[in-house]
Amino acid sequence: GQIIEVRHSQFDMGLLPNVFDGDTYTLVRGLEANPLVFEFAFPAPRELTGLIATFAAMDFALKVSLTAEASTTGAAGPVVYEQTFSGLPGDPTVELRFDQGPALVASARVEILQLNAGVDVHIHVRELIFR
């Protein structure tokens, strides 16, 4: 229910709304970005418990950095969640749970790194859902 600011690596296919439309047949494709990066800035800090993501078939590492709202006592660094996925069936949907906080997230950075990539990398992202 919030309008959020999203910055991302350059795409050569698809539009950003395709990643959030609930339809895994629509997608975006990164233009030679490895990792492909999405940065989210929330207008008001919010609780996030995980990320559900659907990609095209590939071996990849998923990294999410969550930053809490800066406080008057100084902000701690981001809380980072990482997991590597390989040998999954075509168009896998994976979940990364955020079980170590922060309680309220002001910004999130999502990095998708294709493993064993060749020279021309085109990472396909079908869906991203924060929980």
Side-chain angles (χ1 to χ4, degrees):
Q2 293 181 339
I3 295 176
I4 61 173
E5 179 182 332
V6 182
R7 295 175 29 183
H8 56 81
S9 303
Q10 188 174 353
F11 301 147
D12 68 351
M13 264 180 56
L15 301 170
L16 185 62
N18 294 353
V19 176
F20 307 106
D21 64 3
D23 183 354
T24 57
Y25 290 104
T26 62
L27 57 84
V28 297
R29 184 174 86 167
L31 174 65
E32 300 176 1
N34 198 23
L36 182 65
V37 176
F38 294 86
E39 294 177 336
F40 301 89
F42 303 105
R46 60 179 290 175
E47 181 180 347
L48 296 178
T49 60
L51 176 71
I52 299 171
T54 304
F55 303 103
M58 66 176 169
D59 293 337
F60 62 96
L62 182 59
K63 178 179 178 180
V64 179
S65 303
L66 304 176
T67 304
E69 184 175 31
S71 67
T72 56
T73 60
V79 177
V80 178
Y81 296 90
E82 295 182 82
Q83 190 167 347
T84 299
F85 300 90
S86 61
L88 298 176
D91 299 341
T93 298
V94 299
E95 182 173 2
L96 194 57
R97 295 180 188 216
F98 309 149
D99 55 1
Q100 302 297 314
L104 294 175
V105 175
S107 65
R109 178 181 171 95
V110 176
E111 299 178 30
I112 304 110
L113 177 70
Q114 184 175 350
L115 305 175
N116 308 313
V119 175
D120 294 325
V121 178
H122 296 283
I123 296 172
H124 297 71
V125 180
R126 297 185 177 281
E127 205 68 26
L128 295 176
I129 303 168
F130 283 109
R131 297 183 328 136

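Taking every heavy atom of both residues into account, Ala33 and Ile123 meet most closely at O-CD1, 3.6 Å. Residues Gly118 and Val121 share a closest heavy-atom pair of O-CG2, 3.5 Å. Shown here for Asn34 and Ala117, the closest heavy-atom pair between the two residues is ND2-CB, 3.7 Å. When every heavy atom of Phe60 is checked against every heavy atom of Pro92, the shortest pair comes out as CE2-CG, 4.3 Å. In plain terms, the two heavy atoms of Val80 and Ser65 that are nearest each other are CG2-OG, 3.7 Å.
Taken together through direct or relayed side-chain contacts under 4.5 Å among Ile, Leu, Val, Met, Phe, Trp and Tyr, Ile129 and Leu51 form parts of separate hydrophobic clusters. At a threshold of 4.5 Å between side-chain heavy atoms, the hydrophobic network of Ile, Leu, Val, Met, Phe, Trp and Tyr places Val105 and Ile52 in two separate groups. Cluster annotation: Val6 is connected to Leu36 through the hydrophobic network of ILVMFWY side chains, with a link wherever side-chain heavy atoms come within less than 4.5 Å.
Here CG of Leu48 is found 14.5 Å from CZ of Arg97. Values are rounded to the nearest 0.5 Å. Note that the CD atom of Glu39 and the CD atom of Glu111 stand 8.5 Å from one another [nearest 0.5 Å]. To the nearest 0.5 Å, atom CZ of residue Phe40 and atom CG of residue Leu128 are 5.5 Å apart.
A side-chain contact (heavy atoms from CB on, under 4.5 Å) with Met58 holds for exactly one of Ile112, Asn116, Leu113; it is Ile112.
Using a distance-only test at 3.5 Å, with no hydrogens or angles considered, no donor-acceptor pair links the side chain of Tyr81 to the main chain of Leu66. A side-chain donor-acceptor contact under 3.5 Å links Glu127 to the backbone of Gly22. Ser9 places a side-chain N or O within donor-acceptor distance of the main-chain N or O of Val37, the cut-off being under 3.5 Å.
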Result block: side-chain N/O donor-acceptor pairs under 3.5 angstrom for residues 11-21, not counting sequence neighbours:
from	atom 1	to	atom 2	distance (Å)
Asp12	OD1	Arg29	NE	2.9
Asp12	OD2	Arg29	NE	3.4
Asp12	OD2	Arg29	NH2	2.8
Asp12	OD2	His122	ND1	3.2
Asn18	ND2	Leu27	O	3.1
Asp21	OD1	Asp23	N	2.9
Asp21	OD1	Thr26	OG1	3.1
Asp21	OD2	Thr26	OG1	2.7

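Looking at heavy atoms from C-beta onward, Phe130 lies out of side-chain contact with Ile4 at the 4.5 angstrom threshold. Proximity of Asp120 to Glu32: side-chain heavy atoms (C-beta onward) are separated by under 4.5 Å at one or more points. Looking at Leu62 and Phe55, their side chains come closer than 4.5 Å, going by heavy atoms from C-beta outward. Using a 4.5 Å cut-off on side-chain heavy atoms (C-beta onward), Leu115 and Phe85 make no contact.
In this view, Arg126 and Asp91 satisfy the side-chain hydrogen bond (donor to acceptor under 3.5 Å, both in side chains) rule, not counting sequence neighbours.
Annotation: Gln2, atom CD; neighbour count of heavy atoms from other residues, nucleotides and ligands within 6.0 Å is above 12. More than 12 non-hydrogen atoms from other residues, nucleotides or ligands lie less than 6.0 angstrom from CZ of Arg131. In the displayed structure, Glu47 atom CD is contacted under 6.0 Å by at most 12 heavy atoms of other residues, nucleotides or ligands.
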